[in-house]
Amino acid sequence: PINSWGYGKENGPSVWHKDFPVAQGNRQSPIEIIPKQASYDPSLQAILLNYDHCSSINISNNGHSVVVDFDDSDDRSVIQGGPLDNPYRLKQFHFHWGGKGCHGSEHTVAGRSYASELHLVHWNAVKYQTFGEAAAAPDGLTVLAIFLETGDEHRWLHRITDTLYMVKFKGSATDFKSFNPKCLLPSTLQYWTYLGSLTTPPLHESVIWIVLKEPITVSERQLGKFRMLLATGEEEDQRMHMENNYRTPQPLKDREVRSSN
Ligand SMILES: NS(=O)(=O)c1ccc2oc(=S)[nH]c2c1
Ligand SMILES: [Zn+2]
């Protein structure tokens, strides 16, 4: 069935095009970012994140990642500025990670990948009525991507990793209130930006990507807790750990990557 996609040999990124032909489209994500080939655009503004009154609702395991959902019924948590024409509302954030070592990010930078990548997903509530409608529109979504590299322990990530045991199984969810993702940002907001897509099915070409240049540092121990999550449900007897849930870079085709200062 169409919703059985995953990251395994039989249902992974190399066969997604069978159910989702746009996988071979002209603005697919992720991409390899080559800093020297990115064009510095002085007209690009700074990224503005107004997350102060953000309201996270819950944390859940959808079998592909662990997702923190937000109340997006008003403009309390928005991203604006940068390449954006209007504010985009925060809907959810989730992660992609590897099995071990330094693979796991989706975007790569001059051939190097990071251990993990955090995606903060926002939608254009000025032009569209629902997330679903925006997710299918060329300027519908903006995803802020943050690289995670391993090193010292991240002082705030434990708030997430301490709850992962409660969402071990696919389909599980638990309350996760008043978490402000601002605590997961690096110290500078320099970025690359380009037009791309969702990196998981349905792979809609609806994302204005904003990829931060500066990674955040998390410990191997913290990252290890993500790998204890299961891609399978409690009732399934064949347990599969959730890891290597990343798509590899796609052809840049006729796109340019712009760089902020
Ligand atoms: N990995 S990602 O491109 O940020 C992304 C963001 C939102 C999504 O909603 C569906 S459905 N699939 C998605 C993938
Ligand atoms: Zn993602």
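In listed order, ligands and their atoms are each counted from 1. A quick note: this is a predicted structure, and the numbers were derived from the prediction, not measured.
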Take the angle between the ring planes of Phe179 and Phe93 and call it parallel below 30°, perpendicular above 60°, tilted in between.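 Correct class here is tilted.
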Take the angle between the ring planes of Trp97 and Phe226 and call it parallel below 30°, perpendicular above 60°, tilted in between.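 Geometry flag for Phe226 against Trp97: tilted rings.
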His94: which N/O/S atom is nearest the Zn ion (ligand 2)?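 For His94, the N, O or S atom at the smallest distance from the Zn ion (ligand 2) is NE2.
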Of all N/O/S atoms in His119, which lies nearest to the Zn ion (ligand 2)?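 Output for this pair reads ND1.
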Pick from Ser29, Ser206, Pro202: which one makes a side chain to side chain contact (heavy atoms under 4.5 Å, CB included) with Ser197?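 Going through Ser29, Ser206, Pro202 one by one, the side chain to side chain contact (heavy atoms under 4.5 Å, CB included) with Ser197 is satisfied by Ser29 alone.
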With heavy-atom distances below 4.0 Å as the criterion, list the atoms of ligand 1 near [X].
X      : result
Leu198 : 3 (O), 5 (C), 6 (C), 7 (C), 8 (C), 12 (N), 13 (C), 14 (C)
His96  : 1 (N)
Thr200 : 12 (N), 13 (C), 14 (C)
Val143 : 4 (O)

Distance from [atom] to nearest protein heavy atom, with residue and atom:
atom                    : answer
atom 11 (S) of ligand 1 : Pro202 CD, 3.8 Å
atom 6 (C) of ligand 1  : Val121 CG2, 3.7 Å
atom 9 (O) of ligand 1  : Phe131 CZ, 4.1 Å

Could you check whether atom CG of Asp85 has more than 12 heavy atoms from other residues, nucleotides or ligands sitting under 6.0 Å from it?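 No, not enclosed.
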Where does Trp209 meet ligand 1, judged by heavy-atom distances below 4.0 Å: at the side chain, the backbone, both, or neither?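 The answer is the side chain.
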At a non-hydrogen distance cut-off of under 4.0 Å, which region of Thr199 contacts ligand 1 (side chain, backbone, both, or neither)?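 Near ligand 1, Thr199 shows its backbone as well as its side chain.
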Side chain [X], main chain [Y], donor-acceptor under 3.5 Å:
X      : Y      : result
Gln222 : His154 : yes
Ser259 : Ala38  : no
Glu214 : Thr188 : yes

For the pair Arg227 and Glu220, find out whether any cationic side-chain nitrogen is under 4.0 Å from an anionic carboxylate oxygen.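 Yes, charged N to carboxylate O under 4.0 Å.
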For Trp209 and Thr193, does a side-chain donor sit closer than 3.5 Å to a side-chain acceptor?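 No, no side-chain donor-acceptor pair sits under 3.5 Å.
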Contact (N/O only, under 3.5 Å) between His94 and ligand 1: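 Yes: some nitrogen or oxygen of His94 is under 3.5 Å from one in ligand 1.
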Looking only at heavy atoms of His204, does any of them come nearer than 4.0 Å to an atom of ligand 1?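 No, that is not the case, since the closest heavy atom of the residue is not under 4.0 Å from the ligand.
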